[in-house]
K.L.:
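Dropping the structure in here first, questions after.
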Amino acid sequence: MTSLPSPASMTAIVTGGTGAIGTEICRQLAAAGLRVVALGHPSEAERIPQWQRALSEAGCDVGVELADLGDAEAAAGAMRAALDRLGKADVLVNAAGITRDARFVKMTLDQWRAVLASNLDSVFHCTKAVFADMCARGFGRIVNIASVNGQRGQFGQTNYAAAKAGMHGFTMALAQEGARFGVTVNTVSPGYVRTPMTAAIKPEVLQGIVAQIPVGRMAEPAEIARVVAFLCAPESGYITGANIAVNGGLYMSA
Ligand code: CAA
């Protein structure tokens, strides 16, 4: 085993880093000593200064770049800007994602494309910007944030479930390409987490879903982030191509 980097020398880019789960991932990586840049969506511009202030008061200075990561050129530009700030990326967490839920018979092509672009194309664009360099430097940690619904499906989410299942296919294939270069690629599949995304589900529908969760409640974003931080640690080099479920028992598989 070659010598491992110290967290204090490491850098991370977190897509969707200004979202609920992404914020906790930024916070925990920064707390572990990494320098972190978050990528967010341009529609969030107004709230970013306050977001950065809140993190800074908690002792975490996180840079921010805004772009529509479903767009190849915009994503490449944001990744370049993040790399300019950091010098390199040891860690990439692909956590950018949206929902456009509808029964399949009602789902429009726009809803399909929006979710596939933001949730899956973004993974291609952002990983493209760092993977070759990680391999050349002999170290990298890529974590893709998928979903329990990419594993078990969900009524009303053909677009989202397809994108999230696709992320794990991407993970398994890229893990094989990165393995001999010290680059691990893993998926974390959260269940229902307390975020604005789940808050948008009709209360009576959400209630029915929570009733099926063996742990009896939704997850907190920090409970997802701690698994991501674990996978990003220098010592986690023997875990690759894995899909770690953090779903309160909602879906169990061997
Ligand atoms: N199983 C079977 N039937 C269902 C159903 C289910 N799980 N959910 C809804 N239906 C049925 C309703 O009973 C209703 O049937 P009738 O017409 O016979 O009464 C019909 O679907 C209603 O469908 P509509 O097209 O009229 O649409 P709606 O406005 O009721 O909404 C929906 C449908 C968007 C799918 C809504 O039910 C919903 O939001 N479901 C939850 C989807 C979900 O879990 N999204 C997760 C978002 S969070 C996330 O994605 C994060 C993560 O990773 C977990």
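First listed ligand is number 1; within each ligand, the first listed atom is number 1. Worth knowing before you read on, the calculation uses all heavy atoms, side chains too, and leaves out hydrogens, waters and symmetry mates. Computed from a predicted structure; not experimentally measured.
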K.L.:
In Å, rounded to the nearest 0.5 Å, how long is the span from CD of Gln151 to NZ of Lys164?
P.N.:
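One gets 11.5 Å once the value is rounded to the nearest 0.5 Å.
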K.L.:
Among all residues two or more places apart in sequence or in another chain, which pass the salt bridge (Lys or Arg N to Asp or Glu O under 4.0 Å) test with Arg47?
P.N.:
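Partners of Arg47 under the salt bridge (Lys or Arg N to Asp or Glu O under 4.0 Å) test: Glu44.
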K.L.:
Quick one: side chain to side chain donor-acceptor pair (under 3.5 Å) pairs with a partner in residues 65-78, sequence neighbours left out?
P.N.:
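Sorted pair list: Glu65-Arg85.
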K.L.:
How many angstroms lie between atom SG of Cys232 and atom CD of Gln28, to the nearest 0.5 angstrom?
P.N.:
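Here the interatomic distance stands at 10.5 Å.
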K.L.:
Ligand 1: which residues have a non-hydrogen atom closer than 4.0 Å?
P.N.:
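Protein residues near ligand 1 are Thr99, Asp101, Arg103, Lys106, Ser147, Asn149, Gln154, Phe155, Gly156, Gln157, Tyr160, Gly191, Tyr192, Met197, Thr198, Ile201, Lys202, Val205, Ile209.
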K.L.:
Could you list all the side chain to side chain donor-acceptor pair (under 3.5 Å) pairs where at least one residue sits in residues 229-253, not counting sequence neighbours?
P.N.:
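Found Ser189-Asn243.
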K.L.:
Quick one: do Asp133 and Arg137 make a salt bridge, cutoff under 4.0 Å?
P.N.:
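Answer for the salt bridge query: yes.
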